Every structure is written in structure tokens, then in C-alpha cells.
Amino acid sequence: MVASPAAGQPVELKVAEVHVYGTADPAAYPLQKKGHSFEFLREISHLRVRSNTFGAAFRVRNALAHAIHTFFQERDFVYVQTPIITTSDCEGAGAMFHVTSLNLRDLPRSPDGAIDWQQDFFGRPTYLTVSGQLEAETYALGFTKVYTFGPTFRAENSNTPRHLAEFWMIEPEMAFYDLEDNMRLAEEFLKFTIRYVLEHCREDLEFFKERVEKTVLGTLEHVAESTFAHLSYTDAVKALQDAGKTWEFAPEWGHDLQTEHERFLSEEVFKKPVIVTDYPRDIKPFYMRVNDDNRTVRAMDVLVPRVGEIIGGSQREDRHDVLLKRIRESGLDERPYWWYLDLRRFGSVPHSGFGLGMERMMMYLTGLKNIRDVIPFPRTPGNADF
RNA sequence: UCCCCGGUAGCUCAGCCGGUAGAGCAGGUGGCUGUUAACCACUUGGUCGGGGGUUCGAGUCCCUCCCGGGGAGCCA
């Protein structure tokens, strides 16, 4: 390596010997010395990592993973590996993938013609997990503070730039935390990981600012120092109704917030992350703690500009009788939840937690607009190549 | 899954009212060159996403399927 006389570079290599390990036919090699579309590069996911954008993206992803563990480990959380194969067939988070070792061309049948799952590997229907939350709760009641960080699966036929069939989720769960503690942790967590990436991936973030999304660096620096906005679902609906805007779907108490509503709140009203709390009971899952008004639950969604919902969490229902009632109200069979209900029979305590999609966070950090570009090998309906 | 837009050379695209295809880049050859997504000249390269239909004739019009993008729903 010697000083370079050329402009724009401080040093250059003075090569003594060159050994070619593997050649690449230039007529067949798909990567060129020019900008390629992300759609094209996605078709060659095994080669796109050699490009500058994806090199930067996956360095940031690595730093984010490190930041996640660092944040929780520094705060005495215990890392729990929850199961990937599960028998809970309705955790309330969407369609699931079946896991089976049965011969699909010759399925065993019971006398009434239904599939005889007793002959399957686990002796009953099993699925890929959609969430480790329920299992994480059991460990939170043993260790006080835990977190999961692993893959989750959704068999939804979602075709959007924000959904994957296989994605990585972070789910902290804390005993003795109420919703306010939960929100505090979520905000601290987001700021910590942002600061970590700002500090360790400066060059890559500059690259994203220049080539992908010019607001990304400024937004991150701003968010790392700002205080998140808070408002209740009820106030959010009121604010939307009073906004003097024409909506495709009119905001109305009892209906879930639409994407256009969430974007309006985070991008136009507050221009920073917003935490919306206390959603109507009837549009949220059974495990969220019912408020004293009996109409709302202790839920919270963190909405960020550009990405939308990045975190969903709640204080959990810790009262056995209320939880059982809610499971039944939701039309679920309580029997598979016997162990979950046991947590409320044997030393129940208030506890809370949230789920954060790693890829959503990646989109926020990099400014990349398609979730398929922030995971090495994206799985989406009709696509499981590589 | 629903709505909208798209699929033409390896890549990015043009192709008008239907008359059987072009550019830039890449590749090849030669030249030039302290280059940075170099420059000059020449040049190879196409089942126009698949199938069906209308027509004397379809990249172009119609039907259908597949794939991609955007929006919506589901959510993280």
C-alpha cells in the first residue's frame, strides 16, 4: 500500500503478485458496474450482498442484532429461546403454517374421514409459531425480565412491502411492569438501538441518506433525542375526526385505526414516534388486560413515520377469571391454554411486554422501502428461493 | 385476497391509429488511457412473460393464467 497521486483516494495498492482463485465470466455475471433496481437484485439474492446497498443494509442488520442483545443484557433480562413448533393453533395473530411428517399423498384417516392427527409426529396438529409471547410470559414469571429474539411465521397471503411470511421478532416480557413501564422500556429500547447504529454504522447510514432516503439520518438523530408522543385511542379518534380531512375510512370509535390514520398521526400531527394506548376491548386479543371501564384494554402501539406500526404491546390480563372469560368470549377453546391460565392460578403478578419486528426496525433505520430488501432471503407468498 | 400499474436484448427503457423490433448501458474486437458507474470506433445479442382468440396481418386489440411494483386488508 502506497500513497496515491490520484485525486479522491489517499492510498492505493502496489501489487507484487496476483493470484486468481475463481473467475467470473463477464458475459454471464449479472452484477454490473452501475445501479441496478432492487427488484432485479432480489431475484439474485445470493449475489446482491456483494452490492454496496445490500452490504450496508446487512452490516446495519448485524449491528442492530448486537444492539438488541446489548440493550437487554445490560438491563439483566434473560434471553429465552421459545419453541418454533407449537400446538397453540390460535394465538390470535393470523394464519399458521402446518408442520407435519405425514405422507401427504396417503393421509391417515379416522373413521369419519377426517385426518387422523394422532398418527402424526407429535400426535396432534402442530404449526410454526406466530409469536413466542405466551411462552415468554411463563419465563417472565420465573426470571422477572426476559426477552425472545427469533424467527416467527405467518401464513397470511399478505402482498405488501411491509410483510413477510418469515421474519424475526423481539419480544420482551416483564413481571411487575404496568403499561406505563412497558411504554417507557419500548421508547428507551428504540432510542438505544438507534443510537447504537448511529454510532457504529455511521458510514452506512450516510450512504442510505445519499442514495436511498435523504431524511433517514436526520430523522434518526432527531428521534434519538426526542420524547415520544402519547395519546389514548379515544383521543386519537377524536383528533382524527376533528382534523378536517376527508378519509377513505372515517375514523370511528370501535374500529381499528386504518393505515391512513396511523400515518397522519405520526407523520403530520406529531412528526415523530407516537404511542397510542387503551384500544377498544373488542378489537384486541384476549390476553390484554381489561381496563376498569370494561370497554378498553391496556394495549399500546408505537407508530413511526414512514413505517407505521413498529411495536405492538400490552399489559397482560393477570386475573384468572377475567382471562378465562375473555378466552371464551373470543370463541377459543380454553383447554390448550391450561398452562397459560395456570400462570394466573399460581402466583399471578401484573406483567407486560411488547413485540418488535426486526425488519420493520431495519426499514426505519435504512430508509429502504421494501421489507424484502432488509432480510437476507425473503419468504413471501410464492417465493422461497435460495 | 381485493383495486390500480407494469412484463420488449444480460440491465434500464422507447416502440404513435395493428403492417413481423430500437436506444443507452453491459458483453465481444480494436484503439486510447492514473482509472473511480472512463473515452473513441466497430460489433454480437430478441420464441416482445405463458396459453388461447380476433384479423389478410398482433409487441400493439380481446380473454385467461403466471410474475413484478404500488395501494388496501391482516399484522410486526
Side-chain angles (χ1 to χ4, degrees), chain A residues 2-15 24-44 47-48 51-53 64 68 90-96 129-133 148-172 186 189-190 211 247-249 255-263 279 283-285 299-304 307-314 353-364 368-375 378-383 385:
Chain A
V2 297
S4 175
Q9 61 183 26
V11 293
E12 64 185 36
L13 292 177
K14 199 158 205 166
V15 177
D25 179 4
Y29 187 53
L31 287 177
Q32 292 173 22
K33 207 174 177 181
K34 68 164 200 167
H36 284 296
S37 70
F38 292 150
E39 292 81 16
F40 169 66
L41 290 170
R42 217 172 284 146
E43 293 168 11
I44 48 168
L47 299 175
R48 69 175 180 174
S51 69
N52 49 10
T53 303
L64 175 59
I68 288 162
C90 30
E91 292 174 7
M96 304 174 83
T129 184
V130 294
S131 164
Q133 180 201 315
T148 73
F149 183 12
T152 48
F153 307 88
R154 303 282 163 88
E156 297 288 348
N157 192 4
S158 296
N159 294 287
T160 84
R162 300 184 306 282
H163 292 87
L164 291 165
E166 176 184 286
F167 63 100
W168 286 65
M169 194 147 67
I170 297 98
E171 295 177 293
F189 171 80
L190 288 176
R211 306 282 276 271
W247 304 100
E248 196 181 338
F249 297 94
H255 291 112
D256 212 352
L257 297 179
Q258 301 287 318
T259 299
E260 58 175 335
H261 304 148
E262 296 182 344
R263 292 189 62 145
Y279 284 75
I283 59 171
K284 288 293 185 184
M300 63 125 176
D301 283 356
V302 181
L303 315 175
V304 298
V307 173
E309 184 183 339
I310 199 167
I311 282 179
S314 68
F354 60 82
L356 170 122
M358 187 190 195
E359 288 75 20
R360 294 269 174 91
M361 185 70 191
M362 277 294 293
M363 293 169 76
Y364 193 58
L368 289 167
K369 286 161 192 65
N370 194 312
I371 200 165
R372 300 165 194 208
D373 296 329
V374 296
I375 189 166
R379 272 78 181 96
T380 52
N383 188 354
D385 282 340

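Chain letters run A, B, ... following the sequence lines, proteins first, then strands; residues in each count from 1. Just so we're clear, the structure is a prediction, and the values are computed from it rather than from any experiment.
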[X]: side-chain hydrogen bond (donor to acceptor under 3.5 Å, both in side chains) partners, not counting sequence neighbours:
| X | result |
| --- | --- |
| A:Ser314 | A:Arg316 |
| A:Asn157 | A:Asn159 |
| A:Ser51 | none |
| A:Tyr279 | A:Asp301 |

Discussion item. Using side-chain heavy atoms (C-beta onward) and a distance below 4.5 Å, is A:Glu260 in contact with A:Trp247?
Written reply: yes
Using the [atom1] atom in both, what is the distance from [N] to [M], to the nearest Å?
| N | M | atom1 | value |
| --- | --- | --- | --- |
| B:rC67 | B:rA76 | C1' | 26 Å |
| B:rU60 | B:rC39 | C1' | 39 Å |
| B:rU29 | B:rG45 | P | 16 Å |
| B:rG73 | B:rC56 | P | 49 Å |
| B:rA9 | B:rA26 | C1' | 11 Å |
| B:rU8 | B:rA21 | C1' | 8 Å |
| B:rC61 | B:rG7 | P | 11 Å |
| B:rA58 | B:rG53 | C1' | 11 Å |

Rounded distance (nearest 0.5 Å) linking atom [atom1] of [X] with atom [atom2] of [Y]:
| X | Y | atom1 | atom2 | result |
| --- | --- | --- | --- | --- |
| A:Thr152 | A:Trp168 | OG1 | CH2 | 9.5 Å |
| A:Leu47 | A:His36 | CG | NE2 | 10.0 Å |
| A:Arg360 | A:Arg162 | CZ | CZ | 6.5 Å |
| A:Arg154 | A:Met96 | CZ | CE | 9.0 Å |
| A:Leu64 | A:Tyr364 | CG | OH | 13.5 Å |
| A:Leu356 | A:Met169 | CG | CE | 9.5 Å |

Whole-Å gap separating [atom2] ([N]) and [atom1] ([X]):
| X | N | atom1 | atom2 | value |
| --- | --- | --- | --- | --- |
| A:Ile44 | B:rG68 | CD1 | P | 16 Å |
| A:Phe249 | B:rC74 | CZ | C1' | 13 Å |
| A:Phe153 | B:rA76 | CZ | P | 16 Å |
| A:Glu309 | B:rC74 | CD | C1' | 11 Å |
| A:Tyr29 | B:rG28 | OH | P | 15 Å |
| A:Met363 | B:rC75 | CE | C1' | 13 Å |
| A:Lys34 | B:rG27 | NZ | C1' | 13 Å |
| A:Leu31 | B:rC11 | CG | P | 12 Å |

Worksheet item: Base, sugar-phosphate, or nothing: which does A:Phe40 touch, judged by heavy atoms less than 4.0 Å apart?
Response: sugar-phosphate
Worksheet item: Which is true for A:Gly35 with a 4.0 Å heavy-atom rule: it touches a base, it touches only sugar-phosphate, or it touches nothing?
Response: base
Give me the distances for all protein-to-nucleotides 38-42 of chain B N/O pairs that come in under 3.5 Å?
{"residue": "B:rA38", "atom": "OP2", "partner": "A:Lys33", "partner atom": "NZ", "Å": "2.7"}

Worksheet item: 5'-most contact on RNA chain B: A:Pro381 or A:Ser37, nearest heavy atom basis?
Response: A:Ser37
Discussion item. Please compare A:Ile310 and A:Thr380 by the position of their nearest nucleotide in RNA chain B and report the one closer to 5'.
Written reply: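 Residue closer to the 5' terminus by nearest nucleotide: A:Thr380.
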Discussion item. Would the base of B:rC75 count as contacting A:Ser158 through its side chain, where contact means a donor and an acceptor less than 3.5 Å apart?
Written reply: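 Donor-acceptor pair under 3.5 Å: no.
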Worksheet item: Does any donor-acceptor pair link the side chain of A:His36 with the base of B:rC11 at a separation under 3.5 Å?
Response: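 Side chain to base: no pair below 3.5 Å.
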What residues, two or more places apart in sequence or in another chain, satisfy salt bridge (Lys or Arg N to Asp or Glu O under 4.0 Å) together with [X]?
| X | answer |
| --- | --- |
| A:Arg42 | A:Asp373 |
| A:Glu359 | A:Arg61 |
| A:Arg211 | none |

Discussion item. Strictly below 4.0 Å: does A:Gln258 bring a side-chain N or O up to OP1 or OP2 of B:rG73?
Written reply: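 Checking A:Gln258 against B:rG73: at least one side-chain N or O falls below 4.0 Å of OP1 or OP2.
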Worksheet item: Among all residues two or more places apart in sequence or in another chain, which pass the side chain to side chain contact (heavy atoms under 4.5 Å, CB included) test with A:His255?
Response: A:Glu252
Fill in: Proximity to the side chain of A:Pro26 - top-ranked nucleotide from B:rC75, B:rG28, B:rC74
B:rG28
Give me, pair by pair, the N or O atoms of the protein and of nucleotides 69-71 of chain B that are less than 3.5 Å apart, along with how far apart they are.
{"residue": "B:rG69", "atom": "OP1", "partner": "A:Arg42", "partner atom": "NH1", "Å": "2.2"}
{"residue": "B:rG69", "atom": "OP2", "partner": "A:Arg372", "partner atom": "NH1", "Å": "3.3"}

Worksheet entry | 5'-to-3' dot-bracket of RNA chain B (Watson-Crick, G-U; under 3.5 angstrom; crossing pairs as [ ]; | other strand) | (((((((..((((.....[..)))).(((((.......))))).....(((((..]....))))))))))))....
Worksheet item: If you draw a 6.0 Å radius around CZ in A:Arg379, do more than 12 non-hydrogen atoms from other residues or ligands fall strictly inside?
Response: yes
Worksheet item: Can you give one letter per nucleotide of nucleotides 4-9 of chain B, going 5' to 3': B for a protein heavy atom under 4.0 Å from the base, S for sugar-phosphate only, - for none?
Response: ------
